[in-house]
Amino acid sequence: MSLPFIDLQAQRKRIEAEINQAVLGVIESGRFVLGPEVAELEKQLAAFCGASHAVSCANGTDALALPLMAWGLKPGDAVFCPSFTFVATAQVVPWLGATPVFVDIDAATYNMDPASLRAEIETVVAAGKLTPKAVIAVDLFGQPANYPKIKAICDEFGLKLIADTAQGFGCTLNGKHPSDWADIATTSFFPAKPLGCYGDGGAIVTNDAKLAELVESLRVYGKVTPTDAATRNFHHDPKYLSLRVGMNSRLDTIQAAVLLEKLKIFADEIDLRQGVAERYAKGLRGRVKGVPGVIEGGRSVWAQYVIEHDNRDGLQAHLTANGIPSMVYYPVPIHQQDFALPYAPAKGHLKVTEAASQHVLALPMHPYLGEADQDRIINTVLGFNG
Ligand SMILES: *Cc1c(COP(=O)(O)O)cnc(C)c1O
């Protein structure tokens with residue numbers, strides 16, 4: 001019998017009637033683009049994070065690009081980010097003509113290592129070719145990056161901080177959300193993320209009112225903002241005026257309606273994920289090469305449960321043969337992928353990143369993973385002697 005890696009149907013069964021009703025409501029209203037559900041979702045996302053502003057957009061990649069556009073990133077600018085993450089984190093940087101500079105990770109949490117961040121910034125400053133501008137920290141696999149240390153380094157060097165919380169939306173550190181430290185937190189509503197919709201979607205969360213306004217303008221071709229309207233005299237209806245080069249990156253109203261229903265059970269789902277993670281740790285700690293370490297004071301939303309094994313590929317084949325799906329995130333660090341080669345450091349420079357990519361394996365993880373199924377997964381992992 002085969003298990004799902006992420007069981008979205010189990011969640012659907014829980015709130016099927018509510019979601020069907022919500023989707024139908026949008027279809028009947030006909031307000032498919034920037035309908036009232038979009039504004040309501042933005043309000044609730046900000047409230048969920050205890051932040052003042054949220055702006056939705058078309059996906060988590062645009063959510064990363066929008067603040068870089070708002071800050072006017074350009075060729076010659078450096079943006080520091082991990083290499084052990086989904087490609088989107090780094091790929092938005094060359095969109096703006098800027099240069100990604102890759103930072104190594106902490107071996108226990110897989111998140112950006114503040115010591116490596118400092119070293120990379122100092123190297124760029126010493127070389128004098130690029131101007132350090134921003135840092136993108138990632139909440140990989142669901143747990144918060146080391147924001148207190150990363151934020152202090154950003155302040156010291158005058159850098160903007162983006163929290164790429166596509167996998168970690170809802171995670172906290174000492175009870176605070178990434179948006180408490182970062183200038184802006186970005187997320188993705190891709191279906192497999194902890195808070196996913198029924199297609200593509202994304203959002204930013206920030207306490208910077210000016211930045212929120214600019215992002216909102218940039219997501220619709222640089223439209224006139226309330227501040228623009230108050231400070232300039234337009235001689236026509238400013239609706240079709242464009243003041244800056246932006247993009248078209250809106251969240252569909254239907255997706256907002258789906259997300260409003262999912263948000264109602266999201267906190268409960270985070271608790272359920274925590275229970276599954278604790279059970280994995282109990283069954284596997286000390287019996288495989290590594291189980292995830294969460295930063296002190298951190299609360300992960302467990303987008304993934306990633307273990308390490310010396311014979312990772314052998315273990316994966318053994319799981320597959322026993323009907324248990326698993327995934328390798330990420331088999332090839334970004335700095336070793338073709339698009340990033342112009343920015344790649346020498347082999348061996350990102351030691352922890354390169355080692356992790358050889359050993360990591362993600363096990364099935366979702367809020368509705370039952371105990372019997374989980375025991376089967378744990379026992380199958382323990383039954384591998386390779
Ligand atoms: C999924 C993901 C993104 C991109 O989100 P999309 O909605 O697929 O564009 C960015 N960063 C990280 C870390 C992700 O996991």
Side-chain angles (χ1 to χ4, degrees), residues 5-6 8 41 45 54-69 79-96 100 102-103 105-106 109-112 134-147 150 161-171 178-179 182 184-205 215 219 247-252 255-256 258-259 262 273 292 300-306 327-335 337 339-340 353 356-357 360 362 365-366:
F5 183 69
I6 293 178
L8 291 170
L41 176 71
L45 290 173
V55 181
S56 59
C57 61
N59 55 66
T61 307
D62 288 357
L64 287 163
L66 284 161
L68 297 180
M69 291 173 83
V79 178
F80 301 84
C81 66
S83 170
F84 196 63
T85 170
F86 182 61
V87 289
T89 307
Q91 195 158 104
V92 292
V93 179
W95 275 19
L96 283 286
F102 294 105
V103 175
I105 51 168
D106 175 85
T109 64
Y110 304 117
N111 277 334
M112 180 180 272
V135 172
I136 307 177
V138 178
D139 301 325
L140 201 73
F141 304 147
Q143 73 159 305
N146 191 338
Y147 288 108
I150 292 169
L161 176 58
I162 298 177
D164 177 353
T165 194
Q167 298 179 18
F169 187 78
C171 75
S179 50
I184 191 165
T186 68
T187 194
S188 162
F189 301 126
F190 183 79
K193 311 281 175 169
L195 183 62
C197 62
Y198 284 177
D200 279 306
I204 64 95
V205 175
V215 165
R219 84 168 169 188
M247 53 167 110
N248 174 21
S249 184
R250 298 172 296 218
L251 179 71
D252 289 345
Q255 300 301 350
V258 168
L259 285 162
K262 290 201 182 195
R273 287 173 182 275
S300 178
V301 296
W302 299 105
Q304 306 293 344
Y305 193 86
V306 172
M327 298 280 198
V328 176
Y329 301 120
Y330 292 91
V332 184
I334 298 180
H335 71 281
Q337 304 206 23
F339 88 87
T353 295
S357 67
V360 287
M365 179 77 208
H366 60 88

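Each ligand, and each atom within it, is numbered from 1 in the order the structure gives. All values derive from a computational prediction rather than experimental measurement. The first residue in the sequence is number 1, and the count goes up from there.
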Contact table ligand 1 N or O to protein N or O, d under 3.5 Å:
unit_1: ligand 1; atom_1: 5 (O); unit_2: Ser188; atom_2: OG; d: 3.3
unit_1: ligand 1; atom_1: 7 (O); unit_2: Gly60; atom_2: N; d: 2.7
unit_1: ligand 1; atom_1: 7 (O); unit_2: Ser188; atom_2: OG; d: 2.6
unit_1: ligand 1; atom_1: 9 (O); unit_2: Gly60; atom_2: N; d: 3.3
unit_1: ligand 1; atom_1: 9 (O); unit_2: Thr61; atom_2: N; d: 2.9
unit_1: ligand 1; atom_1: 9 (O); unit_2: Thr61; atom_2: OG1; d: 2.5
unit_1: ligand 1; atom_1: 11 (N); unit_2: Asp164; atom_2: OD1; d: 3.3
unit_1: ligand 1; atom_1: 11 (N); unit_2: Asp164; atom_2: OD2; d: 2.7
unit_1: ligand 1; atom_1: 15 (O); unit_2: Gln167; atom_2: NE2; d: 2.9
unit_1: ligand 1; atom_1: 15 (O); unit_2: Lys193; atom_2: NZ; d: 2.6

Checklist entry - Which residue pairs pass the side-chain hydrogen bond (donor to acceptor under 3.5 Å, both in side chains) test when at least one of the two sits in residues 189-205, sequence neighbours left out? => result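 Found none.
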Checklist entry - Any idea how Phe141 and Tyr329 line up, ring-wise: parallel (<30°), tilted (30 to 60°), or perpendicular (>60°)? => result tilted
Checklist entry - Short question: side chain of Ser249, backbone of Asp62 - any donor-acceptor pair under 3.5 Å? => result no
Next on the checklist: Using only atom types and a distance under 3.5 Å, with no angle test, would you say the side chain of Asn111 pairs donor to acceptor with the backbone of Leu140?
Outcome noted: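 Confirmed, Asn111 side chain pairs with Leu140 backbone.
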Item to check | With sequence neighbours excluded, residues passing ring-ring contact (aromatic ring centres under 6.0 Å, His included) with Phe189 | outcome: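 By the ring-ring contact (aromatic ring centres under 6.0 Å, His included) rule, Phe189 matches no residue at all.
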Checklist entry - Listed by chain and number, what are the side chain to side chain donor-acceptor pair (under 3.5 Å) partners of Thr187, not counting sequence neighbours? => result none
